[in-house]
Trainee: 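Sharing a structure, written as C-alpha cells. Questions coming.
Keep in mind the model is a prediction, meaning the values are calculated, not measured. Per chain, numbering begins at 1; letters A, B, ... match sequence-line order.
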Number of protein chains: 2
Amino acid sequence: MQSTQDSVKNSAKVTIADVAREAGVSKGLVSFALNDRPGVAVETRARILKIASALGWTPSLRARSLSSKRSFALGLVIARDPEVLGSDPFFTSFIAGVETVLAPEGLALVLSVVPDAETELQTYRTLVTDGRVDGVFLSDLRIDDARITYLAELGLPTVTLGRPDQPSPFPAVSIDDTHGIAESVRHLAGLGHRRIAHVAGSPAMLHGSRRQEAFTGAMRAAGLGDGQVVETDFSIAAGADAARRLLSQPGPPTAIVFASDPMAIAGIGVAHELGVRVPEDVSITGFDDIEFARYLYPALTTVGATPLVWGRAAATTLLGLIRTGSAEDVDLPAARLIVRGSASIPAPH
Amino acid sequence: MQSTQDSVKNSAKVTIADVAREAGVSKGLVSFALNDRPGVAVETRARILKIASALGWTPSLRARSLSSKRSFALGLVIARDPEVLGSDPFFTSFIAGVETVLAPEGLALVLSVVPDAETELQTYRTLVTDGRVDGVFLSDLRIDDARITYLAELGLPTVTLGRPDQPSPFPAVSIDDTHGIAESVRHLAGLGHRRIAHVAGSPAMLHGSRRQEAFTGAMRAAGLGDGQVVETDFSIAAGADAARRLLSQPGPPTAIVFASDPMAIAGIGVAHELGVRVPEDVSITGFDDIEFARYLYPALTTVGATPLVWGRAAATTLLGLIRTGSAEDVDLPAARLIVRGSASIPAPH
DNA sequence: GTTTGGCCCTAAACCGGTTCAGGCATCCGC
DNA sequence: GCGGATGCCTGAACCGGTTTAGGGCCAAAC
C-alpha cells in the first residue's frame, strides 16, 4: 500500500471536542455555534466556525442521530411483485426527483422493495423501531388504504402520493390524472370514435379507480354511454389479455383507452398479432408517457405524467412536514394528453 | 386522538439498562449476552434473553451505530440521466434481489440517483464521511473506471457488478453476457443471415464493449467478417437513430443484434416506420429480456438477464466481504438466448 | 498451602454529539 | 445604590449501546 493515498483513512476523525479545545471554549458552546443557536457572541461564533473548518471538522451523523433522535433519512417502501415493478419506470424517475432535494440537505433515501402488502407494514414498523428514517413517502394508494392509519399510529411523518379517499392526517402531493383521461376520451370522440373501451388498472388502486371513473364520466359527457371497461391489475400480461378480449369480440371497439403505457404497448402488440391495424382499425391511447412511447410504431398517444417533478414536490413537502410539523397539500399541474400516431380517425365500417 | 392506538408511541423505549436492572446484572453483561459473546454463564444468558424479550427490548440502531462504528446499511449509487434511467428496468429488479438478503438481516439499502459521474464520486465521499453505509455496489462499470481506485482509497468495501478491466481489490459478481451475444449471432447465422449488424452500447461501458467484442468475435467465427457495428450511448433515442441509419443505407443488413432491449424495441419501431417488416425483411434480437419483450409484436428474441438473481448474489457477497474482510468472485450462469418471433429466416433477395 | 489460570461478572470509560441548569458579568431601570 | 434582567459561557448529564480493565471466586497445578 502506497503512502500518499489515504487522506481519508488516516486522518483521525476530528470531533467537536477538538474544536472546543482549540478554540478554548466548551463542547456545548461549539455545538451551539455550529447549529447557529442564540446565546453565542458573534465573534466567538465566527472564531469557532473558522477553527472548525480549519480543522476539517465534519459532524458525525451517528452521534447526532443518537442524541437528537433523528436519522437524516427519508424512506420509500415499494410493495410490488418485482416482475411487475421492473417494467414501471415511474419510481426511478420519481426517486431522481426526490434526490434533487435530499442531496443538498445531506439527507439520504432508504429504499425498500417488498413482495407484498403484509411485509410492507412490517417494513414500516421496522423502519420506525430502528429509527431508520424521519419520514416516508406513501405511494400506490389503495382504496380504503390500511397503511394510512397504520402509519398514523406509528407516528411516522408521511406524505401521500395522491389524495386518499379517506380522512388522512398527512399532506397529499397529487397530480390530477382525471383530466388526462377525459382529454383522451374527448380526443377520440372528436376523431369520430363511438365505441371506445377502457382497459382499466386495478380497481383496488386509487389511481386505477380514479382513471376508470374519469373514463365513464367523460364518455357520458360525450353522450357515448358508459363505454366498455375491462379491469386489470395493471400488469402487462393483464393488459394484453384485456386487449385480446376486447378485440376478439363481435363489434369490437374502434378505440381503446389504456390506464397505463405498459398495458397500451402490450395492447398494440396484441392488435398486431390479431391482424388488427393500429391506428387504422383501432386507435390506442396510454397513460404515463414512458420513454418507449415515443419510439414505438405507431408512436403512442398518451397522457404525460411527470414523476420527476412529483418526486421533487413530495420531498419538499415531506421535509417541510418534518421540520415544521405541518404541511399543505400540493396539487401538481394536471397531466396532459400528448398526441402522437396511435390514435386517428376510425375506419368507415 | 383515541387512546387505544399508540402501543408504539407511548411505550417509552426500553433500553439495555432496563434489562440490566431487571436481571440484576450490569449493562455490559447484558450487551455480552445479547451479542452472544463468550464469558457469560449459560443460565445467566438465558435469563437475560428472557427478560429482554419479556420487556420487549429492541436494540437502538443509532446507539449501536455510534459505538460500533457501523451503519447497518448498504449503498447503491446510480449515475445516469434520469430520462435514460427511467426506461431501464434493471435496477428495480436488482434492488428487489438485494432486498431479499438485506431485509432478514435487518439491513437497509441507501439509494442515490445522481445526474453525472462527478457528483457520483462526491456522493461516495459523503456516504463514507457520514458513515452512512458499510459498503456499496458498483454498477455500470466503465472502461478504466476511476471509481474503483477512488473507492479503494476511501476504504469503502465494494462489490463490482461485473469484472473490471483493471486490477481491482474488490470481489466481482459477474454474469457472462458474451455467451448470449454469441448465441444470438449463431442463431441468426443458422437461420441463413449473412449481413448481420450490431447496434452496440456505449464503448465506454464495460458491458457495452464486451458485447461488441463478443459480436465481432462470433461473426468472425461464423465466417461472416466483422459485421457492421454502430456505437451508441445505450439510450433509446440513439438506438432508434442507429437502426434508422442501418436500414436506410444501400444493402441494409438482414439482421440486427441490439445490445439492449430498449434499443431493440426502438429498432422495431423504426423498421415499421420505414416500411421494413420484422422479421420478414429484417430480423432483430435484443438483450435483457425486459418484461415488454414478450408482449411486443413480433415478440422479441433476446438474451435473458437475471437482475434479481444478480442482486441477491451481489448482496450476499458484499455482506461476506464486510463481515469476514474478504470474498470470492462469483460467476453467475451465463445469459442465454430466448428465441421468440422477431428473428426468422431472411427473405430471399 | 500457595500459585496460576479461567470463568463470570462489575464498573467505568467511550463513541460524538445535544441539551439543560446554573454561574458570572454587564447593563438597565428605579 | 440596588434588584433584576440579559447575554455569554461552563460543566455535566444524556442518548443507548460497546468495550476494556480489573475484581472475586473456584479448581487445577506445583
Trainee: Tell me: CG of L66(B) to C1' of dC14(C), nearest whole Å?
Mentor: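 The distance from CG of L66(B) to C1' of dC14(C) comes to 9 Å, rounded to the nearest Å.
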Trainee: Pick base, sugar-phosphate or nothing for G24(B), based on heavy-atom distances below 4.0 Å to the nucleic acid.
Mentor: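 Sugar-phosphate, backbone atoms only, no base.
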Trainee: From CZ of R21(A) over to P of dG16(C), roughly how many Å is that when rounded to an integer?
Mentor: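 Taking atom P of dG16(C) as the reference, CZ of R21(A) is at 12 Å.
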Trainee: With a cut-off of less than 4.0 Å, is there a side-chain N or O of R64(A) near OP1 or OP2 of dT18(C)?
Mentor: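 Answer yes for this pair, as a side-chain N or O of R64(A) is under 4.0 Å from OP1 or OP2.
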Trainee: Taking CD in Q166(B) as the centre, count heavy atoms belonging to other residues, nucleotides or ligands within less than 6.0 Å. Is the count above 12?
Mentor: yes
Trainee: Nearest whole Å is fine: how far is dG17(C) P from F72(A) CZ?
Mentor: 12 Å
Trainee: Looking at dC9(D), I'd like to know if its phosphate oxygens (OP1 or OP2) sit under 4.0 Å from a side-chain N or O belonging to T44(A).
Mentor: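 Yes, T44(A) has a side-chain N/O under 4.0 Å of OP1/OP2 on dC9(D).
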Trainee: Under 4.0 Å from OP1 or OP2 of dC14(C): is there any side-chain N or O of S67(B) that close?
Mentor: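 Negative; the distance criterion is not met.
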Trainee: What is the distance from CZ of R70(B) to C1' of dT18(D), rounded to the nearest Å?
Mentor: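 Taking CZ of R70(B) and C1' of dT18(D), I get 10 Å after rounding.
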Trainee: Any chance you could measure Y124(B), atom OH, to T119(B), atom OG1, to the nearest 0.5 Å?
Mentor: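 Reported value, rounded in 0.5 Å steps: 11.0 Å.
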Trainee: Round to a whole Å and report the spacing from CG of L55(A) to P of dG17(C).
Mentor: 12 Å
Trainee: Among the candidates dT19(D), dT18(C), dC20(C), find the nucleotide nearest to the side-chain atoms of F32(B).
Mentor: dT19(D)
Trainee: Heavy atoms only: give me the nearest T123(B)-V77(B) pair and the separation to one decimal.
Mentor: CG2-CG2, 4.0 Å
Trainee: Does R37(A) put a side-chain nitrogen or oxygen below 4.0 Å from OP1 or OP2 of dT19(C)?
Mentor: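 True: R37(A) side-chain N/O within range (under 4.0 Å) of dT19(C) OP1/OP2.
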Trainee: Provide, to the nearest angstrom, the distance between the CD1 atom belonging to I16(B) and the P atom belonging to dC15(D).
Mentor: 14 Å
Trainee: Is there a side-chain contact between R64(A) and P59(A) in this structure, where contact means two heavy atoms from C-beta onward sitting under 4.5 Å apart?
Mentor: yes
Trainee: Please determine whether any donor N or O and acceptor N or O are separated by less than 3.5 Å between the side chain of K27(B) and the base of dG16(D).
Mentor: no
Trainee: Below the 4.0 Å mark, does dG17(C) have OP1 or OP2 next to a side-chain nitrogen or oxygen of W57(A)?
Mentor: yes
Trainee: Measure CG/D18(A) against P/dG16(C) and give the value in whole Å, please.
Mentor: 9 Å
Trainee: Under 4.0 Å between a side-chain N or O of T15(B) and OP1 or OP2 of dG16(D)?
Mentor: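 No, no such contact exists.
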Trainee: Under 4.0 Å from OP1 or OP2 of dC15(D): is there any side-chain N or O of R62(B) that close?
Mentor: no
Trainee: Find the distance between CD1 (I148(B)) and CD (E153(B)) and round it off to the nearest 0.5 Å.
Mentor: 12.5 Å
Trainee: Return whichever of A63(B) or A41(B) has its heavy-atom-nearest nucleotide of DNA chain C closer to the 5' end.
Mentor: A41(B)
Trainee: What nucleotide among dC9(C), dT18(D), dC15(C) has an atom nearest to a side-chain atom of V40(B)?
Mentor: dC9(C)
Trainee: Below 4.0 angstrom from OP1 or OP2 of dG16(D), is there any side-chain N or O of K69(A)?
Mentor: yes
Trainee: Give one of base, sugar-phosphate or nothing for V30(A), where a contact means two heavy atoms less than 4.0 Å apart.
Mentor: nothing
Trainee: Using a 6.0 Å cut-off, check whether atom CD of E328(B) has over 12 heavy atoms from anything other than its own residue.
Mentor: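 12 or below, so no.
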Trainee: Whether S60(B) contacts dG17(D) is assessed here as follows: a side-chain N or O lying under 4.0 Å from the phosphate OP1 or OP2. Is that the case?
Mentor: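 For S60(B), the contact criterion (side-chain N or O under 4.0 Å from OP1 or OP2 of dG17(D)) is not met.
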Trainee: What is the distance, rounded to the nearest whole Å, between atom CG of L29(A) and atom C1' of dC20(C)?
Mentor: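 In whole Å, dC20(C) C1' and L29(A) CG are 14 Å from each other.
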Trainee: Please state whether the base of dG16(C) and the side chain of K13(A) form at least one donor-acceptor pair under 3.5 Å?
Mentor: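 When only heavy-atom distances are counted, K13(A) does not reach the base of dG16(C) through any donor-acceptor pair under 3.5 Å.
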